[in-house]
Amino acid sequence: MVINENRRDCPNNRLDIMQQWVQPFFPEAEVFGTWTEESQQKLARTIQPIPYDELYMTLQSWRCTLTTPASGSGWATAKAWECFLVGTVCFFHPGYDTQGHILPTKNHQWGSDEVKELARFLRCENKQDFQQKVNRIGQDDFLWKRMVYLQNEHLKKVFKDTRGGTKRINERLLG
């Protein structure tokens with residue numbers, strides 16, 4: 001995982017997620033990021049930052065990863081799009097992208113059947129669901145390739161529909 005520590009005084013903070021979702025199931029998982037000494041001691045591991053120019057190659061070396069809430073918010077970050085770009089299956093913690101900006105939530109049923117399939121698989125309901133899906137991706141080449149394909153197709157469609165984001169920017173500016 002590439003995950004930077006964030007606020008610890010909020011729900012769904014990354015230290016708690018690491019302790020509850022990653023460490024018990026995947027204690028040997030590679031983890032890169034910027035963390036305090038105190039949190040590294042709580043996790044009983046050393047976590048080193050990753051140079052930005054190595055980010056995509058590192059993400060691409062894994063079959064899957066997890067993206068988590070930023071500072072307790074439900075907002076989306078660039079992590080999912082970065083993973084979609086390089087072919088790494090990106091699981092969503094239930095507190096991530098709660099507005100459905102990247103993938104629909106149960107409350108946001110937009111998109112094609114393929115996007116809904118992708119959302120149902122990538123959005124994890126709990127830590128056991130996450131563990132089972134990671135294990136499935138590790139064991140089932142067809143499933144892994146299917147999810148990589150669906151992620152990439154979704155990325156391309158969103159990029160095309162928004163003209164790389166410029167459509168939304170122009171609408172705001174010219175509005």
Short question: side chain of [X], backbone of [Y] - any donor-acceptor pair under 3.5 Å?
X      : Y      : value
Gln19  : Leu43  : no
Gln40  : Ile47  : yes
Asp16  : Asn12  : no
Arg123 : Pro104 : yes
Tyr96  : Thr77  : yes
Lys79  : Val2   : yes
Ser61  : Thr58  : yes
Arg63  : Ile137 : yes
Gln151 : Thr88  : yes
Trp35  : Ile3   : yes

* Aromatic ring centroids of Phe121 and Phe92 under 6.0 Å? ->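 No, the ring of Phe121 stays outside the 6.0 Å limit from the ring of Phe92, centre to centre.
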
* Under 4.5 Å between side-chain heavy atoms, hopping through other hydrophobics if needed: is there a path connecting Phe142 to Tyr149? ->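 Hydrophobic grouping puts Phe142 apart from Tyr149.
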
* Asked: Applying the 4.5 Å side-chain criterion to the ILVMFWY set and letting contacts propagate, would Ile50 and Met57 be lumped into a single cluster?
  ->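 Different clusters.
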
Can you tell me how far the [atom1] atom of [X] sits from the [atom2] atom of [Y], to the nearest 0.5 Å?
X      : Y      : atom1 : atom2 : result
Gln131 : Asn135 : CD    : CG    : 5.5 Å
Phe159 : Asn152 : CZ    : CG    : 12.0 Å
Glu82  : Gln60  : CD    : CD    : 13.0 Å
Arg146 : Asp141 : CZ    : CG    : 15.5 Å

Are [X] and [Y] side-chain neighbours, meaning at least one heavy-atom pair lies under 4.5 Å?
X     : Y     : result
His93 : Pro69 : yes
Tyr56 : Leu85 : yes
Pro49 : Phe32 : no
Phe26 : Leu66 : no

* Only one of Leu150, Val158, Leu103 forms a side-chain contact (heavy atoms from CB on, under 4.5 Å) with Phe84, so which one is it? ->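 Considering Leu150, Val158, Leu103, a side-chain contact (heavy atoms from CB on, under 4.5 Å) with Phe84 is found only for Leu103.
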
* Asked: Taking it one step at a time, do Cys124 and Trp21 satisfy side-chain contact (heavy atoms from CB on, under 4.5 Å)?
  -> CA-CA 11 Å; Cys124 298; Trp21 283 60; 4.0 Å; yes

* Test item: side-chain donor near acceptor, Asp129 and Asn126, under 3.5 Å ->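 Side chains of Asp129 and Asn126: no pair found under 3.5 Å.
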
* Asked: Any chance the side chains of Thr68 and Arg14 put a donor and an acceptor closer than 3.5 Å?
  ->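 Result is yes, a qualifying pair exists.
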
* Using the side-chain hydrogen bond (donor to acceptor under 3.5 Å, both in side chains) rule, pick out the option among Thr36, Asn13, Thr34 that qualifies with Glu5. =>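 Among the candidates, only Thr36 passes.
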
When you check the gap from the basic side-chain N to the acidic O, do [X] and [Y] get nearer than 4.0 Å?
X      : Y      : result
Lys156 : Glu153 : yes
Asp140 : Lys133 : no
Glu38  : Arg8   : yes

* Would you please classify the geometry between the Trp75 ring and the His101 ring as parallel, tilted or perpendicular, with 30° and 60° separating the classes? =>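 Aromatic pair His101/Trp75 classed parallel.
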
Closest heavy-atom contact between [X] and [Y]?
X      : Y     : value
Val148 : Gly87 : CG2-O, 3.4 Å
Ala70  : Asn6  : C-ND2, 3.4 Å
Gln20  : Pro24 : O-CG, 3.6 Å

* Could you walk me through whether Trp81 and His154 pass the ring pair (Phe, Tyr, Trp, His ring centres under 6.0 Å) test, one step at a time? => CA-CA 10 Å; Trp81 296 119; His154 179 56; 5.7 Å; yes

* Asked: On the ring face of Phe25, is Lys127 found with NZ or CZ under 6.0 Å from the centre and within 45° of the axis?
  ->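 Geometry flag: not set, cation outside 6.0 Å or 45°.
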
* Lys116 NZ: over 12 foreign heavy atoms closer than 6.0 Å ->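 Counting neighbours around NZ of Lys116, more than 12 heavy atoms of other residues, nucleotides or ligands fall under 6.0 Å, so yes.
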
* Asked: Is atom CG of Asp9 surrounded by more than 12 heavy atoms (other residues, nucleotides or ligands) closer than 6.0 Å?
  ->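 Atom CG in Asp9 is packed in, count exceeds 12.
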
* Verify side-chain contact (heavy atoms from CB on, under 4.5 Å) between Lys42 and Met18, making sure each step is shown before the conclusion. => CA-CA 10 Å; Lys42 287 182 180 180; Met18 285 292 295; over 6 Å; no

